[in-house]
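Every chain is numbered from 1, with letters handed out A, B, ... down the list of sequences.
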Number of protein chains: 2
Amino acid sequence: MNAQINNGSGSEALNETTSVRLTEMLRRSIMAGEFEPGARLRIADVAKQFGISHMPVREALRQLEADRIIEIESHKGARIRTVDAEFVGNMYDMRGALEVLLVERCVERASDAELKPLKELERAYVQAVASGDRVAMLAANRAFHSLTYKAARNPEAERIVGQGWELIHAYRVRYGFGRERLKQNIREHKILADAILARDVRAAVAAAKTHCDSARDDMLRCLADEAGSAS
Amino acid sequence: MNAQINNGSGSEALNETTSVRLTEMLRRSIMAGEFEPGARLRIADVAKQFGISHMPVREALRQLEADRIIEIESHKGARIRTVDAEFVGNMYDMRGALEVLLVERCVERASDAELKPLKELERAYVQAVASGDRVAMLAANRAFHSLTYKAARNPEAERIVGQGWELIHAYRVRYGFGRERLKQNIREHKILADAILARDVRAAVAAAKTHCDSARDDMLRCLADEAGSAS
DNA sequence: AATTTCGATATTTGATCAAAAATATGAACG
DNA sequence: CGTTCATATTTTTGATCAAATATCGAAATT
């Protein structure tokens, strides 16, 4: 990797600080699964790798810690967060609770114009699944749900849900999905989208809840399989 | 203020870093309402006030920003977060959704022994209200709910809810509660506690939802009153 | 031989200094 | 008299250096 960080040429977002650029760069790397879970992130290493001083690295690591992507211990440094079944279960429980809220508000608050692209995004996800590219699937899935989040107009809740997405992203890239998960996802998306478009709060909320629960169960299965095969 | 931060004497928690100690000190100050909403926090000022260098101040401010207590803009510095009605509404919506989850899990997972102090904490809150001390009320209220959070065994969700508490703490200290809010709170606590102790998930969830919604509405009323009287 | 203590090394944390960016100030001009 | 541009000041951000702390390994003692 070692992408340019001191944007001398200035291709994108010129007026960001070094630490912000570094944060996003590390975030993408981590989400892309370029680090082993539990891997150390040494300040000096990162600083040298990007050709910058220690300071912006420290700030970037703190930011990623705040997003729960890495863990920092006093005088011991930063590590890529490892997740166990309990954590994943709790995370998805939380996401389920918030997603129910967001879907409810989405149905209440979204304009028709806002919801127009929803079916298009639903189709895009189907295509991404057909392509077989995990990263594309994850992006399309995220885009589909993001539309509903945005329309709910609760950026605070959206932010927390987004953190959850980021946390499990690397694991999904690494370990993939269960056998029937993708087809199931497509079915559940259709149910959810149709309920939202029909402005049926009750059905939409139920669909969101089911969707999160089944995603959680699949993730837990994948995690258990991985742990089993690794032992 | 200007409390000792370099614990040379070492009365409590010797092995914490300066930035962590400073973070907690600032957090308490802000929650106690010692800063106006929107007030600036200059790095040099804070560093001089506590007799430390800029570095731990920067880390502390980043931490408080992660907790949404302050806001930092590039090259413009940190300010105590100001909240408007929309933000408060969103915040309480989120808290409501998570509290419903936590209460549900609490009923499912809590041991009888764990729930034993619940009625005691309910009484303690009644006493705190009788005392008329807002800080004591807030602490007792928090302690009552924290028991249910802890018993739910979802530290991730608990953490997010806790951030919500901290965010509105300063505003409650400053602006207080609506006329009937405290009595209402006491009634709702009793309903919630009894439902939990009876292991009645449905009633407990309903009580939690009602409790959050009415707390939100009261807070919004207080905010509107304040805005009205200040104009 | 196992355990513990001591010391060397690596790494984070804190302090000081320099650079960049934003805000405030003031002079020149319309 | 008000506006605009340039300059100065303030404040954050980044770099370098020093101190504190943890980790690891070796030596000594039980």
Side-chain angles (χ1 to χ4, degrees), chain A residues 2-10 12-27 35-36 38-66 69-82, chain B residues 2-27 35-36 38-66 69-81:
Chain A
N2 205 344
Q4 195 71 297
I5 198 164
N6 278 318
N7 58 359
S9 56
E12 53 157 339
L14 289 89
N15 47 1
E16 289 280 9
T17 63
T18 307
S19 78
V20 171
R21 281 197 301 276
L22 176 62
T23 303
E24 293 316 311
M25 220 159 260
L26 287 176
R27 188 197 306 279
F35 295 88
E36 292 286 324
R40 287 194 66 174
L41 283 169
R42 269 177 273 264
I43 292 175
D45 290 355
V46 178
K48 182 178 279 185
Q49 187 176 8
F50 289 95
I52 57 180
S53 78
H54 289 193
M55 181 72 42
V57 178
R58 285 160 69 170
E59 299 228 311
L61 293 181
R62 289 285 173 198
Q63 180 61 51
L64 294 174
E65 185 198 26
I69 292 176
I70 65 175
E71 284 178 319
I72 300 180
E73 277 184 291
S74 280
H75 294 106
K76 290 179 69 175
R79 290 177 173 280
I80 304 292
R81 166 150 222 157
T82 59
Chain B
N2 206 343
Q4 195 71 295
I5 198 163
N6 278 317
N7 57 358
S9 57
S11 56
E12 52 157 340
L14 290 88
N15 47 2
E16 289 280 10
T17 64
T18 306
S19 78
V20 170
R21 282 197 300 276
L22 176 63
T23 303
E24 294 315 312
M25 222 159 257
L26 287 176
R27 188 198 306 277
F35 295 89
E36 292 288 324
R40 288 194 65 174
L41 283 169
R42 268 177 273 261
I43 293 175
D45 290 355
V46 178
K48 182 178 277 186
Q49 187 177 6
F50 289 95
I52 57 181
S53 78
H54 290 193
M55 181 75 39
V57 178
R58 285 159 68 171
E59 299 230 310
L61 293 181
R62 290 285 174 199
Q63 180 62 50
L64 294 173
E65 185 198 27
I69 292 176
I70 66 175
E71 283 179 319
I72 300 181
E73 277 184 291
S74 280
H75 295 107
K76 291 180 69 176
R79 289 177 174 282
I80 303 291
R81 165 150 224 157

Look at the side chain of A:Arg40 and the backbone N and O of A:Gly77, then say whether any donor-acceptor pair between them is shorter than 3.5 Å.
no

Would you find a donor on one side and an acceptor on the other, under 3.5 Å apart, between the side chain of B:Arg81 and the backbone of B:Glu71?
no

Indicate whether OP1 or OP2 belonging to D:dG14 is found under 4.0 Å from a side-chain N or O atom of A:Ser53.
no

State which residues pass side chain to side chain donor-acceptor pair (under 3.5 Å) with A:Arg42; sequence neighbours excluded, sorted by chain then number.
A:Asp45

So which atom in A:Ser19 and which in A:Ala60 form the shortest heavy-atom distance, rounded to 0.1 Å?
O-CB, 3.9 Å

Flag the pair A:Glu65 and A:Arg62 as a salt bridge only when some basic side-chain nitrogen lies within less than 4.0 angstrom of an acidic carboxylate oxygen.
yes

So which protein N/O to nucleotides 10-13 of chain C N/O distances come out below 3.5 Å?
{"residue": "C:dT11", "atom": "OP1", "partner": "A:Arg42", "partner atom": "NE", "Å": "3.4"}
{"residue": "C:dT11", "atom": "OP1", "partner": "A:Arg42", "partner atom": "NH1", "Å": "3.1"}
{"residue": "C:dT12", "atom": "OP2", "partner": "A:Ile43", "partner atom": "N", "Å": "3.4"}
{"residue": "C:dT12", "atom": "O3'", "partner": "A:His75", "partner atom": "N", "Å": "3.3"}
{"residue": "C:dT13", "atom": "OP1", "partner": "A:His75", "partner atom": "N", "Å": "3.2"}

Rounded to the nearest angstrom, tell me the gap between atom NZ in B:Lys48 and atom C1' in D:dT10.
13 Å

How close or far is atom C1' of C:dG14 from atom CG of B:Leu22, stated in whole angstroms?
13 Å

